[in-house]
J.: 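My structure is below; once you've seen it, I'll send some questions.
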Protein chains: 2
Amino acid sequence: MATAVAEEIKPNSTKEKILTAAIELMAEGGYTGASMRKIARKVGIRESAIYNHFRNKDEIFQTIMKNLFSNPFEDFFIKRPIEQYAIKGKAYLLEYAATIKLLTFDSKNEKFFRIILAELMHNQQVRELFMQYFYQENIKKLSNAFFIMMQHNLIRSADPILMAQEFFAPLFYYRLQVLLMHIDNKPTTALSTIFEKHVDFFWESVATQESF
Amino acid sequence: MATAVAEEIKPNSTKEKILTAAIELMAEGGYTGASMRKIARKVGIRESAIYNHFRNKDEIFQTIMKNLFSNPFEDFFIKRPIEQYAIKGKAYLLEYAATIKLLTFDSKNEKFFRIILAELMHNQQVRELFMQYFYQENIKKLSNAFFIMMQHNLIRSADPILMAQEFFAPLFYYRLQVLLMHIDNKPTTALSTIFEKHVDFFWESVATQESF
DNA sequence: GTCTATAGCCAGATAGAC
DNA sequence: GTCTATCTGGCTATAGAC
């Protein structure tokens with residue numbers, strides 16, 4: 001399973017430095033906040049030199065999107081067959097939440113999330129990637145898992161898709177909260193265990209008598 | 001209870017037209033997307049004429065923020081004493097969700113929500129307003145209500161604040177989804193009853209045997 | 001209150017020498 | 001591949017006539 005075309009970029013090359021600088025600047029100020037001037041200054045070259053590596057600013061953005069979207073979830077659960085793990089019930093959900101928590105507190109993934117949110121209202125392509133990765137992918141996986149749990153009578157019967165959304169929405173909400181706190185350098189101690197608490201609460205909400 | 005200082009602006013005045021145009025443009029392109037040029041063209045005056053009504057662009061933005069934040073929730077539930085209604089249990093939650101649904105599908109409030117989200121990553125003041133209105137206010141009201149419901153044994157015992165967040169997060173998530181669909185002119189039929197379904201699911205999750 | 005005119009800045013991008 | 005120099009255009013804002 002080749003990870004969706006992630007471009008080959010030599011480490012320590014100027015091209016890579018440009019991308020790193022652009023990611024940093026876009027995380028802070030979005031697409032328009034990362035001007036070619038600023039990127040060039042951060043890399044230590046002139047603006048015109050950038051054009052030896054990228055046709056224009058948009059190509060930089062496209063490359064970043066491609067690379068950022070290639071890793072994050074793939075490594076964690078896409079590969080493994082869900083069926084085997086869904087029957088573990090709460091343990092599966094705990095692992096799921098732990099993964100999101102990991103992404104939430106990982107600095108590279110935080111930058112990624114921040115760029116996405118900064119451009120969400122400005123760029124249709126970003127919206128589509130957002131819907132795909134922060135909605136469809138997760139809901140598909142989770143609803144499958146819930147369906148299996150229902151079959152094994154681990155949880156009460158309900159619409160699996162609704163249940164998936166109800167489980168996922170708070171995770172997204174907490175992730176956003178953490179991001180907002182980080183941006184303003186506020187402490188996130190109050191949120192440090194919220195992901196686990198969410199799973200506890202949710203499991204109490206859906207578990208059958210037998211499995212509880 | 002005077003509604004937080006909402007400025008007096010004469011209807012049909014040039015000042016009001018400027019604000020209307022600015023809201024429209026900022027909903028589409030955020031703060032930077034709404035240039036003084038575009039605002040002036042939309043109103044039908046020259047850029048320089050705007051400065052007879054506002055000191056600078058930021059003052060326009062501030063005025064918009066003040067006015068937008070003055071109405072939305074205030075009218076709905078801030079005024080009424082929660083205690084009397086919380087004991088209605090599910091009916092209270094249904095009304096709460098219905099209110100959010102109303103705001104979600106109301107075009108003025110949608111623009112407001114869109115501007116907030118567009119500037120969320122760029123502007124600390126917006127982040128604080130966001131946290132206040134889309135988090136603290138709602139969580140405070142809801143956790144109070146849940147506390148009362150617990151006292152009346154309508155719902156199972158749990159941390160009221162956690163429960164409030166778990167109830168609110170999906171509402172926020174669904175509102176965001178609707179917004180994203182609207183921006184790209186996609187149908188929201190699949191989401192038309194999701195707010196009610198959320199309440200159903202949630203109530204089944206927390207209701208005690210007696211109250212169910 | 002609105003206009004014309006203009007200042008000053010920063011943006012993205014290109015040409016051509018080295 | 002990097003540089004200097006330059007172009008074009010959008011931006012916020014001000015001065016001063018009407």
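This is a predicted model, so every value here is computed, not measured.
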J.: So that I know where these two stand, are A/Phe172 and B/Tyr173 an aromatic pair - ring centroids less than 6.0 Å apart?
T.: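 Yes, the ring centres sit under 6.0 Å apart.
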J.: Calculate, to the nearest 0.5 Å, the distance between atoms CG and CZ belonging to B/Asp106 and B/Phe113 respectively.
T.: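 Separation between the atoms: 13.0 Å.
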J.: With DNA chain C as reference, determine whether B/Glu47 or A/Glu47 sits nearer its 5' end, using the nearest nucleotide of each.
T.: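 With B/Glu47 and A/Glu47 compared, the 5'-side residue is B/Glu47.
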J.: I'd like to know if the side chain of A/Thr188 and the backbone of A/Leu191 have a donor-acceptor N/O pair within less than 3.5 Å.
T.: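 Such a contact is absent between A/Thr188 side chain and A/Leu191 backbone.
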J.: Rounded off to whole Å, could you give me the CD1-to-C1' distance for the B/Ile50 and C/dC3 pair?
T.: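 Checked: the CD1 to C1' distance equals 13 Å.
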J.: Under a cut-off of 3.5 Å for both distances of each Watson-Crick or G-U pair, what dot-bracket string does DNA chain C give, using [ ] for crossing pairs and | for inter-strand pairs?
T.: ||||||||||||||||||
J.: For the pair made of CZ in A/Phe54 and C1' in C/dG12, what is the distance, rounded to whole Å?
T.: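 Nearest whole value for this atom pair: 16 Å.
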J.: Regarding B/Tyr174 and A/Gln165, do their side chains bring together a donor and an acceptor under 3.5 Å, going by distance alone?
T.: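 No pair is found: no donor N or O on one side chain lies under 3.5 Å from an acceptor on the other.
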J.: Between A/Arg37 and C/dG12, does any side-chain N or O lie under 4.0 Å from OP1 or OP2?
T.: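 Answer is no, no contact under 4.0 Å.
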J.: Ring centroid separation for A/Tyr133 and A/Phe168, is it under 6.0 angstrom?
T.: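 Not close enough - the centres of the two rings lie 6.0 Å or further apart.
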J.: Can you tell me the distance, in whole Å, between the CD atom of A/Glu59 and the P atom of C/dA13?
T.: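 For the pair A/Glu59 CD and C/dA13 P, the rounded distance is 11 Å.
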J.: Determine, for B/Lys101 against B/Glu196, whether the closest basic-nitrogen to carboxylate-oxygen distance falls under 4.0 angstrom.
T.: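 A salt bridge links B/Lys101 with B/Glu196.
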J.: A/Lys38 or A/Ser48: which one's nearest nucleotide on DNA chain C is closer to the 5' end?
T.: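 Mapping each residue to its closest nucleotide by heavy atoms, the 5'-most match is A/Lys38.
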J.: Could you check how far CZ of A/Arg55 sits from C1' of C/dG12, rounded to whole Å?
T.: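 It is 15 Å, rounded to the nearest whole Å.
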J.: Looking at D/dT14, D/dT4, C/dG12, which one has an atom nearest to any side-chain atom of A/Met36?
T.: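 So the nucleotide nearest the side chain must be C/dG12.
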J.: Find the distance A/Arg46:CZ to C/dC18:P and express it as a whole number of Å.
T.: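 Checked: the CZ to P distance equals 17 Å.
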J.: If I take atom CG in residue A/Asn56 and atom P in nucleotide D/dG9, what distance separates them, rounded to the nearest angstrom?
T.: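 In whole Å, D/dG9 P and A/Asn56 CG are 18 Å from each other.
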J.: Return the orientation label for the A/Phe202 and A/Phe167 ring planes: parallel under 30°, perpendicular over 60°, tilted otherwise.
T.: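 Correct class here is perpendicular.
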J.: Closest approach to the side chain of B/His53, judged atom by atom: which nucleotide of C/dG1, C/dT4, D/dC3 is it?
T.: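 So the nucleotide nearest the side chain must be C/dG1.
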J.: Distance check needed: D/dT12 P versus B/Phe61 CZ, whole Å only.
T.: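 The distance from CZ of B/Phe61 to P of D/dT12 comes to 14 Å, rounded to the nearest Å.
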J.: It should be established whether A/Ser35 places a side-chain nitrogen or oxygen under 4.0 Å from OP1 or OP2 of nucleotide C/dA11.
T.: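 So the side chain of A/Ser35 is within the cut-off, an N or O lying under 4.0 Å from OP1 or OP2 of C/dA11.
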J.: Does any donor atom in the side chain of B/Gln125 or B/Glu119 lie under 3.5 Å from an acceptor atom in the other side chain?
T.: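 Short answer, no.
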J.: After noting the C-alpha distance and the side-chain angles of B/Asp159 and A/Lys197, does the key distance pass the salt bridge (Lys or Arg N to Asp or Glu O under 4.0 Å) rule?
T.: CA-CA 10 Å; B/Asp159 175 7; A/Lys197 281 180 187 161; 5.5 Å; no
J.: Quick check on contacts: within residues 22-33 of chain A, what sits under 4.0 Å from DNA chain D by heavy-atom distance?
T.: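 Of all residues in residues 22-33 of chain A, none places a heavy atom under 4.0 Å from DNA chain D.
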J.: What is the distance, rounded to the nearest whole Å, between atom OH of B/Tyr51 and atom C1' of C/dA7?
T.: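 Result: 13 Å.
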